A.B. asks: 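My structure is below; once you've seen it, I'll send some questions.
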Amino acid sequence: MCLRPSRARALLDGTPRRGPAATVSASASAREDALAGYADTLARGGRPDAYTFAPLLKAVARGGLAAAAVHAHAVKFGLGGGAHVGSALVAAYASGGDGAAAARALRAAPTPVAWNALVSGHTRGGRHGEARRAFAGMVRAGAAPTHVTFVAVLAACGKARDARLGAQVHGRVVGSGCTAVAKVENALLDVYAECGDMGSARRLFDGMRVRGVVAWTSLVSGLARVGRVGEARGVFDRMPERDTVSWTAMIDGYVRAARFREVLEVFREMQYGGVRADEFTMVSVITACAQLGALETGEWVRVYMSRQGIEMDVVVGNALIDMYSKCGSIERALAVFKGMHCRDKFTWTAIILGLAVNGYGEEAIDTFHRMIRVSEAPDEVTFVGVLTACTHAGLVDKGREFFLSMTGTYKIAPNVVHYGCIVDLLGRAGRITEALETIDQMPMRPNATILGTLLAACRLHGNAEIGELVAERLLQMDPGNSVAYILLSNMYAKSNKWEDVRRLRHAIMEKGIKKEPGCSLIEMNGVIHEFVAGDRSHPMSKEIYSKLEEIITGLKNAGYVPDITEVFVEVAEEEKQKVIHCHSEKLAIAFALLSPESNSVIRVAKNLRMCLDCHNAIKWITRLYEREIVVRDRTRFHHFRHGFCSCKDYW
DNA sequence: ATAGGGTTAG
């Protein structure tokens, strides 16, 4: 949690008086204490000395606060000109993003340490380009880089994936004779690993005299980053020792590989191993919960964090907003958002997207305006959220306005995803021709996703003419695209072109096109259960199927009629009902209804779009069983309640 | 001033 600016101002507002030397602590967890300690000392009549301000500046910089107030104090005490304070000022200003102030502080005290502070400050602040320029400036100024400089600039190269500069610096390192310094060696290894050059990384690693936990961790992280998680796990298992960072790197590797259930497994192993988790670990774990739709586990994580005293910083807060949004609990996402007194553009983007996909389009747009009012600059992802809000709320003109404002007001070039939002917006509104024109006039080549979006709109509005055209283009680009076949065949069925349906099904059989299997996840008492259509692998499979039969019979008695128009496989008519009735979301819901003692919301996360019949059947279920059901689809949420869905049958 | 792990879309 970062320090409230008001509190910081209050702490620094005391009038300095003379007295014994003021001491401060600068540990990460004691940021607030550092300032409080300083203020207390002043209040008790203490007096700062040459060693007071460096740690204080460090604390302020880590809290994301302006270093200027502390600087003013240092000047007031006549301690602003020393080398210690000077380099700390450079670091604080650089990491806080005030490059000009950092440069001024450096000119006032141009020591080698201050140069290093400039490089590492920019690296810490995430401005890797600035860090690299600072290094170049240092070389130009004739200041000799030390091993500290190398470590800092190499970290910037690694984080910026700048393999070229990394190799150049490597050359200088060799020239300077710093190669044997363990930290430099690790930093070099990390540059290669971060840049995905695992061959060079491996050679460096093998040539190291001592291979510490840091080097091993870089290797694990690098392998996972290039998609070699299996190998990463092999290396991880061979590590002589593993600390918090190593475990987190492994866990994050599974996040990158989209193996979210393994994320939770490895996290459990980490706890058994008695290794303490921190904010970084929790972000990966929360991300996995988000992707799995695992709200119970996500809630448990928050309890775990407070029990373990793990700080909730901005990034954790952002991840939590995303998790609650992706679990369909916008109330909790909003509660986290409101409780965060330190927000960045990710925070705003996450809540805007959350509101948008959960069906709160107007609120998402209001939130965007608030974001602008507090001067947080939106980026291209923010606009995906804003445009998604317009799409899901059917706000065509507003969406176009926002799209135009991207280039006009915010100087952000729309990418294919933004064009996709516009195509979706127009397509859903039935303006198929305009949607097609948008694709034809956009400055980049259409991808399969955007053509799929238009095709879905053609299906929704029964425009077989343009639909065929689009499907043809889509299949040219991606001949095995099962979605194109499904949508096209749905479209033919809808307009009673049965001859075309038959022809298409024949082609599908001949080419051996397989539909991506539908898969639904549901969490029950902290355990995630996965269902695939027609799945019989669940230990309670027998009970689930008989429950499902009972449900369907009940629904039919109440007036539900199965809709088999979206059945893809070529089987006899009576078989088709069986096919739709074992769709993964129905299995998941039947499983949830097996435990009737719990009457909480049923939450299902599905990988594909829901079929017409499932959507209809679930509406009936919420009426008959008086349960609320939330299904997360591949693009939006369906909140079913009392026989109605939040998408207004428009998805 | 000093190495390794973090969030948002498709």
Side-chain angles (χ1 to χ4, degrees), chain A residues 54 58 83-84 86-88 90-92 94-95 111-121 123-124 126 146-152 154-155 158-159 181-191 193-194 212-222 224-225 242-253 255-256 277-287 290 313-323 325-326 344-354 356-357 378-388 415-418 420-421 447-450 452-453 634-635:
Chain A
K58 202 172 170 182
H84 268 90
S87 55
V90 172
S95 64
T111 61
V113 173
W115 273 110
N116 289 343
L118 189 66
V119 179
S120 71
T123 304
R124 209 150 6 90
T146 66
H147 71 276
V148 177
T149 326
F150 289 132
V151 167
L154 286 169
K159 294 204 167 82
V181 178
K183 285 183 182 183
V184 175
E185 234 178 352
N186 285 333
L188 274 169
L189 167 60
D190 193 57
V191 171
E194 289 271 339
V213 63
V214 174
W216 281 93
T217 303
S218 282
L219 205 58
V220 168
S221 163
R225 196 180 292 279
R242 301 173 200 91
D243 64 9
T244 299
V245 182
S246 330
W247 279 97
T248 305
M250 192 63 247
I251 288 172
D252 187 57
V255 171
R256 284 175 200 279
D278 67 6
E279 299 91 317
F280 286 70
T281 324
M282 298 330 288
V283 167
S284 293
V285 174
I286 294 166
T287 305
D313 64 17
V314 206
V315 184
V316 173
N318 296 347
L320 281 172
I321 291 177
D322 182 53
M323 187 269 290
S325 299
K326 284 200 166 66
D344 59 15
K345 74 172 182 195
F346 294 95
T347 319
W348 290 95
T349 301
I351 196 70
I352 289 169
L353 269 160
V357 294
D379 69 5
E380 69 270 22
V381 185
T382 317
F383 276 98
V384 173
V386 173
L387 296 175
T388 302
N415 63 32
V416 70
V417 179
H418 302 111
C421 290
N447 59 13
T449 310
I450 198 166
T453 302
R634 84 185 315 164
T635 54

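Chain letters run A, B, ... following the sequence lines, proteins first, then strands; residues in each count from 1. These numbers were taken from a predicted model, which means no experiment stands behind them.
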A.B. asks: Base, sugar-phosphate alone, or nothing: which one does A:Val151 contact when heavy atoms must sit under 4.0 Å apart?
C.D. replies: sugar-phosphate

A.B. asks: With A:Val357, which residues qualify under side chain to side chain contact (heavy atoms under 4.5 Å, CB included), at least two apart?
C.D. replies: A:Thr388, A:His392, A:Phe637

A.B. asks: Looking at every strand, decide which applies to A:Thr281 at a 4.0 Å heavy-atom threshold: base, sugar-phosphate, or nothing.
C.D. replies: base

A.B. asks: Just call it for A:Glu185: base, sugar-phosphate, or nothing, with non-hydrogen atoms closer than 4.0 Å on any strand.
C.D. replies: nothing

A.B. asks: Using a cut-off of 4.0 Å on non-hydrogen atoms, how would the nucleic acid contact of A:Ser120 be classed: base, sugar-phosphate, or nothing?
C.D. replies: sugar-phosphate

A.B. asks: Quick one: label A:Asp278 by what it contacts on the DNA or RNA (base, sugar-phosphate, nothing), any heavy atom closer than 4.0 Å.
C.D. replies: base

A.B. asks: At under 4.0 Å between heavy atoms, what does A:Val220 touch on the DNA or RNA strands: base, sugar-phosphate, or nothing?
C.D. replies: nothing

A.B. asks: Could you tell me which residues satisfy ring pair (Phe, Tyr, Trp, His ring centres under 6.0 Å) with A:Phe150, sequence neighbours excluded, listed by chain and number?
C.D. replies: none

A.B. asks: Which part of the nucleic acid, if any, lies within contact of A:Val181, taking any heavy atom under 4.0 Å across all strands shown: a base, the sugar-phosphate backbone alone, or nothing?
C.D. replies: nothing

A.B. asks: What is the nucleic acid contact for A:Thr244, judged by heavy atoms within less than 4.0 Å: base, sugar-phosphate only, or nothing?
C.D. replies: base

A.B. asks: Considering residues at least two apart in sequence or located in another chain, which fulfil the ring pair (Phe, Tyr, Trp, His ring centres under 6.0 Å) criterion with A:Trp115?
C.D. replies: none

A.B. asks: Do the side chain of A:Asp252 and the main chain of A:Val255 share a donor and acceptor less than 3.5 angstrom apart?
C.D. replies: no

A.B. asks: Give me the atom names and distance for the closest heavy-atom approach of A:Val384 to A:His418.
C.D. replies: CG2-NE2, 3.6 Å

A.B. asks: Please work out if A:Arg634 contacts a base, only the sugar-phosphate, or nothing of the nucleic acid, heavy-atom cut-off 4.0 Å.
C.D. replies: nothing

A.B. asks: What contact category does A:Ser246 fall into here, base, sugar-phosphate, or nothing, at under 4.0 angstrom with non-hydrogen atoms?
C.D. replies: base

A.B. asks: Can you pull the contact range of chain A along DNA chain B, 5' to 3', using atoms under 4.0 angstrom from its heavy atoms?
C.D. replies: B:dA1 to B:dG10

A.B. asks: Restricting to salt bridge (charged side-chain N to carboxylate O under 4.0 Å, His left out), what partner residues turn up for A:Asp190, sequence neighbours left out?
C.D. replies: none

A.B. asks: Which part of the nucleic acid, if any, lies within contact of A:Asn447, taking any heavy atom under 4.0 Å across all strands shown: a base, the sugar-phosphate backbone alone, or nothing?
C.D. replies: nothing

A.B. asks: Go through the structure and list residues passing side chain to side chain contact (heavy atoms under 4.5 Å, CB included) with A:Ala94, not counting sequence neighbours.
C.D. replies: A:Ala102, A:Leu118, A:His122

